2 protein chains.
Amino acid sequence: MAMPKQPASNRSPGRPRDAGAAPALLDAARSLVIEHGYEAVSTQMIADTAGVARQTLYRRWPGKAELVLDAFLQSVMQDEAVGDQPFEEELRRFLQHLFRNLRRDGGAIRSLIASAQRDAAFLETFRTRFALRRAEIVKAILRRAVASGELPAEADIETATTMFHGAFWYRLLLGQPLDDVFIERLLRLLCAGLRAEPETLQR
Amino acid sequence: MAMPKQPASNRSPGRPRDAGAAPALLDAARSLVIEHGYEAVSTQMIADTAGVARQTLYRRWPGKAELVLDAFLQSVMQDEAVGDQPFEEELRRFLQHLFRNLRRDGGAIRSLIASAQRDAAFLETFRTRFALRRAEIVKAILRRAVASGELPAEADIETATTMFHGAFWYRLLLGQPLDDVFIERLLRLLCAGLRAEPETLQR
DNA sequence: ATATATAGTAGACTGCTGTACCTTTATTAA
DNA sequence: TTAATAAAGGTACAGCAGTCTACTATATAT
């Protein structure tokens with residue numbers, strides 16, 4: 001179906017993989033899941049749409065969850081830029097961008113989180129390729145705030161990042177709205193805690 | 001298998017339900033899931049262990065998730081007592097008790113959260129029968145802290161509760177440890193935010 | 001050319017959830 | 001006693017993910 005006719009000296013023997021299959025599967029998975037939802041899309045549908053046998057999918061990914069994760073990773077990982085605004089504004093922009101993306105991809109993300117609960121190997125993949133990388137963006141914003149003196153040196157960045165992500169995961173997983181009101185209330189409480197943290201525990 | 005021989009005037013006609021089937025299914029579901037994990041336990045295994053046909057399970061619950069939720073609801077809902085300690089201590093005890101329970105039930109809870117992502121009807125059940133009731137306990141502790149003057153009247157209880165639960169959901173779902181260190185760091189940051197909240201936004 | 005190795009397609013297979021159906025059993029109503 | 005009703009058990013079914021196998025196609029190595 002493709003033409004991998006490169007002379008290619010140092011390659012293993014055997015028929016080479018069709019270079020078009022993976023992109024076709026990723027595209028098919030992404031658009032089908034966006035249109036019908038993760039549960040309503042079968043691997044057979046994805047393979048048919050990509051014009052490929054189902055086995056070809058399983059030769060490239062361990063399962064449906066890994067394929068769909070790859071299919072959505074790009075679009076979810078594009079708001080990584082850390083600007084030079086005050087950290088609270090940086091966090092606000094992070095959430096605004098994220099929540100806009102989640103209106104389209106939220107259903108897929110929820111299903112991937114669900115898949116990670118039922119498959120330990122996929123949990124590890126999801127954790128390292130998605131969750132930890134997302135968390136790192138927020139940690140970078142907070143570390144920069146500490147370096148610039150916006151936050152005290154003792155600020156607990158690790159826990160703040162967990163609370164930050166946990167808060168909207170919780171609302172996402174319970175089907176509660178992720179809107180601007182929530183952003184402001186979350187930022188207000190979290191930033192108050194981060195700024196006040198050192199002189200705490202006095203009572 | 002039982003003997004529901006009550007004369008029972010006002011009852012609908014037809015064979016009465018076996019009163020022992022539901023408890024037997026709940027017991028079987030709970031112990032099997034604790035022993036083997038949610039995914040490894042099939043409805044057939046549960047029914048066999050309960051000494052009942054699989055169809056009898058589906059006559060009482062819409063599906064596996066609802067049954068297992070009922071099977072674990074009791075043990076997870078028993079730390080509701082609100083004492084009269086300072087609110088931070090109340091929250092600490094809440095988390096300590098919860099994390100102890102989660103060492104046994106955490107796998108089941110994770111699978112139930114996962115099921116709720118794939119089944120809108122079960123999400124609603126899980127939300128109202130589990131998540132909102134758990135959240136209400138924490139809200140009650142915080143409301144009491146406001147009433148007693150421990151926290152300012154403007155404290156954002158709703159958002160604090162979301163961050164509180166979100167934080168350990170996040171760690172639970174990512175397979176990260178839920179230990180005493182995490183409890184102290186979570187409480188410190190959250191309580192600092194709640195106490196400092198009113199005079200925030202000054203910068 | 002020939003052997004070897006691997007990808008591709010197609011279909012069968014297992015075990016799962018949830019549903020449908022059939023027959024038997026226990027109860028109420030007439 | 002008989003009819004109606006609904007639960008119980010058991011089997012079959014559809015649709016799914018993931019595995020396996022047989023056969024074909026395409027590359028490298030000799």
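Numbered from 1 within each chain, the chains take letters A, B, ... in sequence-line order. Note that the coordinates shown come from a computational prediction; the quantities given were computed from them, not determined experimentally.
- Among residues at least two apart or in separate chains, salt bridge (charged side-chain N to carboxylate O under 4.0 Å, His left out) pairs with a member in residues 32-43 of chain B are A/R118-B/E39.
- Legend: residues meeting side-chain hydrogen bond (donor to acceptor under 3.5 Å, both in side chains) with B/D48, ordered by chain and number and at least two apart, are B/Q44.
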Task: Step-by-step side-chain hydrogen bond (donor to acceptor under 3.5 Å, both in side chains) determination, B/N101 to B/S75 - done: CA-CA 8 Å; B/N101 279 350; B/S75 74; 5.9 Å; no

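- Qualifying side-chain contact (heavy atoms from CB on, under 4.5 Å) partners for A/P23, counting only residues two or more places apart in sequence or in other chains: none.
- Residues meeting the salt bridge (charged side-chain N to carboxylate O under 4.0 Å, His left out) test with B/E89, sequence neighbours left out: B/R92, B/R93.
- B/A47 meets the side-chain contact (heavy atoms from CB on, under 4.5 Å) test with B/R54; sequence neighbours excluded.
- In this view, A/W61 satisfies the ring-ring contact (aromatic ring centres under 6.0 Å, His included) rule with no residue, not counting sequence neighbours.
- If you find the closest nucleotide of DNA chain D to B/A21 and to B/Q44, the one lying nearer the 5' end belongs to B/A21.
- Using a 4.0 Å cut-off on heavy atoms, the residues of residues 58-67 of chain B that approach DNA chain D are B/R59, B/R60, listed by number.
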Pairwise N/O distances under 3.5 Å, protein to nucleotides 1-4 of chain D:
none

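- The CG atom of B/L57 sits 10 Å away from the P atom of C/dT17 (whole-angstrom rounding).
- For C/dG18, its base sits under 3.5 Å from the side chain of B/R54 at one donor and acceptor pair at least.
- Contact check of residues 24-43 of chain A against DNA chain D (heavy atom, cut-off under 4.0 Å) returns A/V41, A/S42, A/T43.
- Remark: A/R15 is not in phosphate contact with C/dG8, judged by side-chain N or O atoms under 4.0 Å from OP1 or OP2.
- In this model, a side-chain donor or acceptor of A/Q55 finds a partner on the base of D/dC20 within 3.5 Å.
- Atoms CZ (B/R118) and C1' (D/dG15) sit 15 Å apart, rounded to a whole Å.
- Classification of the A/F168-A/F99 ring pair by plane angle, with boundaries at 30° and 60°, yields perpendicular.
- Under the salt bridge (charged side-chain N to carboxylate O under 4.0 Å, His left out) criterion, B/R143 pairs with B/E136, not counting sequence neighbours.
- Remark: A/F130 engages A/F126 in a ring-ring contact (aromatic ring centres under 6.0 Å, His included) (not counting sequence neighbours).
- Every pair tested for side-chain hydrogen bond (donor to acceptor under 3.5 Å, both in side chains) that includes a residue from residues 162-179 of chain A fails, sequence neighbours excluded, so the list is empty.
- Residue B/T56 places none of its side-chain N or O atoms closer than 4.0 Å to OP1 or OP2 of D/dA7.
- Summarising the geometry, the separation between CD1 on A/I46 and C1' on D/dG18 is reported as 13 Å, rounded to the nearest angstrom.
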